[in-house]
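Keep in mind the model is a prediction, meaning the values are calculated, not measured. If you read the sequence from its start, that first residue is 1, and numbering goes on from there.
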Amino acid sequence: MKTSGILLFPLALLLSGCGGNDFQSALHPASEEAKSISWLWWMMVVVYGLVFLVTLGLAGMAILKRKSIDKAPTEAPGGPVKFVVVAGIVVPSIILLGILVYSLRASSAMRAPETEFTIEVTGHRWWWDVRYPDHGIVSANEIRIPVGVPVRLDLSSADVIHSFWVPNLHGKMDMMPDHVSRFWLQAERTGLFRGACAEFCGDQHARMGLDVYVMPRDEFDAWAAARGAPPAEAAAQARGHDVFFAAGCAACHAIGGTEAVANVGPDLTHLAERRHLAAAFLPNNPENLARWILEPQVLKPGNLMPPSHLAPDELQALVDYLLTPR
């Protein structure tokens, strides 16, 4: 019993890592493309796991049944030539060929579908600019798509090489400066999924997250119609509007319906609707937004946002202004 427990412990430890958060996991696929990648991963785990166990077994047999050194050798030190050829050449070749064929089939099955729905995603250090050219929508650090509808992604970078990856929905695609890479997403079920940059891009690479919302088609259409309408400025937020411009925020950020049109930083028009701040790093609430405005270099060192020096009443007015639904 003890022996079996010792043998099962490494396997249990390995499989325990296959759980985790199902909203950011290639092992919880929500699209046909992600399913192909998941099945390929499981096949490789099983095949190579069996090869590993067989190798351990053969090594154990060799140790336990080692021939006496006094016996004159009657065969090659490595064992029978036939065994070496079969186990060392033929079997590995068959295994690798089978995995190659399966990999090619999986790759050929992931063909870009025909679609006119396009989203432009640009990677920055360290956030995502998201634009819906057909809907007139500009967002940041989140993508919303309808379930079951193929969506083409035009991926590019504004600075260094990034890599777009939403594990539940597809594989990875590099984002290059001055180059547009064509990619696509087509989700089979609704939900919230987490994306990330999969190419090391600097100090805050690990904090370059992305929320992807897969919505029912009617909900997406309603959202797009509401977001596509010109945003209105609330008269009650005049104080926050003035602080926004006086503090220099408009030099980097845009807010629809105002004179702020810069695109150095994320568009803040519908900031109140977003689940996170700072590229899926901080939960979006007034306390975190105030901290982010005052000390962005403390929370996320190396990012391009400078700290703001505001009086408490100015800070409160600015937070209220930015978190006002439009």
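Applying the ring-ring contact (aromatic ring centres under 6.0 Å, His included) test to pairs two or more places apart or on separate chains, none has a residue in residues 278-310.
In the hydrophobic cluster analysis, where Ile, Leu, Val, Met, Phe, Trp and Tyr join through side-chain heavy atoms closer than 4.5 angstrom, Val47 is grouped together with Val91. Hydrophobic clustering places Val121 together with Leu185 (ILVMFWY residues linked when any side-chain heavy atoms are closer than 4.5 Å, directly or through intermediates). In terms of hydrophobic clustering, with Ile, Leu, Val, Met, Phe, Trp and Tyr side chains grouped at heavy-atom distances under 4.5 Å, Val54 and Met43 are assigned to different clusters. Clustering ILVMFWY residues whenever any of their side-chain heavy atoms sit less than 4.5 angstrom apart, transitively, puts Leu169 in the very cluster that holds Met175. Hydrophobic clustering (side-chain heavy atoms under 4.5 Å, transitive across Ile, Leu, Val, Met, Phe, Trp, Tyr) groups Val130 together with Leu192.
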Evaluate the criterion side chain to side chain contact (heavy atoms under 4.5 Å, CB included) for residue pair Tyr102 and Trp39; output intermediate values, then yes/no.
CA-CA 10 Å; Tyr102 189 90; Trp39 277 110; 3.3 Å; yes

Residues His276, Asp211; criterion side-chain hydrogen bond (donor to acceptor under 3.5 Å, both in side chains); working and verdict
CA-CA 8 Å; His276 288 107; Asp211 288 330; 2.8 Å; yes

Please determine whether side chain to side chain contact (heavy atoms under 4.5 Å, CB included) holds for the pair Gln186 and Val149, giving the CA-CA distance in whole Å, both sets of side-chain angles, and the decisive distance to 0.1 Å.
CA-CA 6 Å; Gln186 185 172 0; Val149 177; over 6 Å; no

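Taken from CG in Leu322 to SG in Cys249, the straight-line distance is 7.0 Å, to the nearest 0.5 Å. Between the OH atom of Tyr132 and the OG atom of Ser139 there is a distance of 6.0 Å, given to the nearest 0.5 Å. For the atom pair CG of Asn141 and CH2 of Trp126, the computed distance is 14.0 Å after rounding to the nearest 0.5 Å. Of the inter-residue distances, the one linking Trp223 atom CH2 with Asp221 atom CG reads 11.0 Å to the nearest 0.5 angstrom. Arg152 contributes atom CZ, which lies 10.0 Å from atom CD of Glu114 (distance to the nearest 0.5 angstrom). Atom-to-atom distance recorded for Leu40:CG and Ser103:OG is 4.5 Å, nearest 0.5 angstrom.
Around atom CG of Asp218, more than 12 heavy atoms belonging to other residues, nucleotides or ligands sit under 6.0 Å away.
No salt bridge links Glu33 with Lys35; every basic N to acidic carboxylate O contact stays at or beyond 4.0 Å. The pair Arg239-Asp313 counts as a salt bridge, with a side-chain nitrogen and a carboxylate oxygen less than 4.0 angstrom apart.
By the 4.5 Å heavy-atom criterion applied to side chains, His205 and Cys197 are counted as neighbours. Within the 4.5 Å cutoff, side-chain heavy atoms of Ile293 are placed close to those of Leu318. Two residues are said to be in side-chain contact when any heavy atoms from C-beta on lie closer than 4.5 Å; Lys172 and Ser163 meet this criterion. Two residues are said to be in side-chain contact when any heavy atoms from C-beta on lie closer than 4.5 Å; Thr115 and Val151 fail this criterion. Annotation: side chain of Ser181 is not in contact with side chain of Phe164 (no heavy-atom distance under 4.5 Å). By the 4.5 Å heavy-atom criterion applied to side chains, Trp41 and Leu27 are counted as neighbours.
Taking the six-membered ring for Trp and the full ring otherwise, the centers of His170 and Trp184 sit less than 6.0 Å from each other. Aromatic rings from Tyr48 and Trp42 are positioned such that their centres are separated by 6.0 Å or more.
Relative ring orientation between His162 and Trp128 is described as tilted, the plane-to-plane angle lying within the 30° to 60° band.
His253 and Asp267 share no side-chain donor-acceptor pair at under 3.5 Å. His135 and Arg227 share no side-chain donor-acceptor pair at under 3.5 Å.
For the pair Arg194 and Phe23, the cation does not sit on the ring face, since its NZ or CZ is not both under 6.0 Å from the ring centre and inside 45° of the axis.
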